[in-house]
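Below is one structure, written out as structure tokens; the observations come after it.
Every value quoted in this text rests on a predicted model; they were computed, and no experiment measured them.
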Amino acid sequence: MELGGVVRPDQVSLGVLVSTVGRDVIDAAVAGCGVGARRSGGKLPAHVVAYLTMAMCLFPDDDYEEVATKVTGSLSRWGCWDASWAVPTASGITQARKRLGREVMAEVFEGVAAPVATSDTRGAWLRGWRLLAIDGFEVDLPDTPGNVEEFGYAGSGKHRSAFPKARVVALAECGTHAFLAAEVGAYTVGEQTLAQRLYPRLRGEELLTADRNFYSWAAWDTAAATGAALLWRVSATLELPVVATLPDGTYLTALINPAVRGAARRGRILATARAGLEIGPDEAHLARVVEYDVPDREGNGKGEVIVLLSTLTDPADARADELAAAYHQRWETETANDQLKTHLRGPGKILRSRLPDLAHQEIWAWLTVHYALSVLIAQAAEAADLDPDRIRYTRVLRITRRTATGTAGFSPSGLD
């Protein structure tokens with residue numbers, strides 16, 4: 001390993017990448033989804049199709065047959081390919097992907113996407129809490145009737161998007177950029193709706209950061225119930241009554257359930273909180289407010305007020321400056337999105353799948369490949385005692401693509 005984000009080719013190989021997505025995980029997903037081989041001896045059993053689908057995400061500019069030709073040598077070395085088989089045709093791969101269906105790659109992602117950062121990973125922790133971020137992004141898909149019906153367009157009329165779009169909301173590990181969980185839906189399904197399905201996945205040792213678009217009382221209630229710590233930005237106009245002022249300049253507030261109506265009833269809840277008594281979780285949540293100013297972020301001469309809410313109500317657990325710094329780590333999820341969309345897929349490019357089931361399959365394969373690359377980067381960074389941000393994603397991606405092309409020796413006459 002060299003400093004400056006350079007990784008030597010001998011430290012990153014597709015063999016290590018595939019070890020992240022083991023055959024056992026794929027076989028379990030195939031069995032769980034009931035899409036195993038219908039006949040023995042087929043050259044495209046489900047586990048081979050799963051690896052080919054991931055390879056298609058690694059080589060987005062190549063057609064099906066070219067991708068298969070590039071990786072069959074590597075598949076053979078891993079024991080996933082019989083050297084007597086011929087490289088399959090594009091139509092054969094398409095039919096095999098249809099048999100695999102939309103669920104297997106989602107299960108594969110679920111089977112491998114575990115936390116990556118260790119206690120030595122830089123930028124991954126706030127004291128004992130693993131830093132996570134939640135964010136959403138859109139995915140452009142081929143403009144086919146099936147994809148339009150399944151996912152829909154953004155906008156309408158003159159302002160309609162050129163392609164149908166899927167919406168993805170994901171939990172990412174801030175320190176490593178690894179996606180740990182995701183939800184995929186139609187464009188018409190809002191980010192908050194998809195996020196609500198992710199909050200129950202949180203764990204007590206995690207601290208979730210979120211931008212102000214994600215806050216609602218229901219979302220906070222669901223996420224806080226998991227025992228995970230929360231650090232969310234909210235609108236500066238959100239009404240946050242002061243319950244108690246803390247020594248570090250932060251203050252406690254009561255987040256009152258909007259379903260609680262009537263000024264008198266809400267006033268009683270505030271009075272209870274101010275008296276230091278416990279408030280019912282169905283009525284309100286106690287939260288700590290951190291406010292700070294970011295001067296002239298947009299270059300217009302005006303400062304921007306950042307308002308953060310946290311479940312860490314005791315300054316002894318985390319100082320105000322620590323919380324502000326931890327929230328800044330939330331922007332690492334933007335880097336993860338950029339790696340996925342700009343570098344792995346390519347800027348302005350659409351996915352290749354023309355059928356809804358295959359689009360879902362491809363999105364999950366895409367997320368899985370990004371996860372495997374994130375693992376490689378985190379391991380390389382830890383070995384060199386670097387922040388994973390110092391490892392160039394584009395360099396690792398190029399090396400991985402280069403080491404993946406262990407082409408098996410097939411005669412052109414052997415093609416289907």
Are [X] and [Y] within salt-bridge range, i.e. N to O under 4.0 Å?
X	Y	value
Lys70	Asp62	yes
Glu283	Arg265	yes
Glu206	Arg201	no
Arg122	Asp389	no
Glu138	Lys165	yes
Glu150	Arg354	no
Lys349	Asp140	no

Would the distance check show the side chain of [X] and the main-chain N or O of [Y] forming a donor-acceptor pair, the cut-off being under 3.5 Å?
X	Y	value
Arg99	Thr94	no
Glu65	Ala90	yes
Thr333	Arg330	no
Thr250	Leu246	no
Gln361	Arg97	yes

* Derivation and outcome, side-chain contact (heavy atoms from CB on, under 4.5 Å), residues Tyr64 and Leu52 -> CA-CA 9 Å; Tyr64 283 180; Leu52 282 178; over 6 Å; no
* To do: Take the angle between the ring planes of Tyr371 and Phe109 and call it parallel below 30°, perpendicular above 60°, tilted in between.
  =>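 Judged by the thresholds at 30° and 60°, the geometry between Tyr371 and Phe109 is perpendicular.
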* To do: Measure up the His370 and Phe179 rings against each other and bin them: parallel (under 30°), tilted (30 to 60°), perpendicular (over 60°).
  =>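 Tilted.
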Please determine, by modelled atom types, if [X] and [Y] share a side-chain donor-acceptor pair under 3.5 angstrom.
X	Y	value
Asp211	Tyr327	yes
Thr222	Gln196	yes
His343	Asp338	yes

* Arg352 CZ: over 12 foreign heavy atoms closer than 6.0 Å ->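 Yes.
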* Knowing that exactly one of Val369, Asp63, Ile93, Leu351 qualifies, which makes a side chain to side chain contact (heavy atoms under 4.5 Å, CB included) with Met56? ->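 Testing Met56 for a side chain to side chain contact (heavy atoms under 4.5 Å, CB included) against Val369, Asp63, Ile93, Leu351 leaves exactly one candidate, Ile93.
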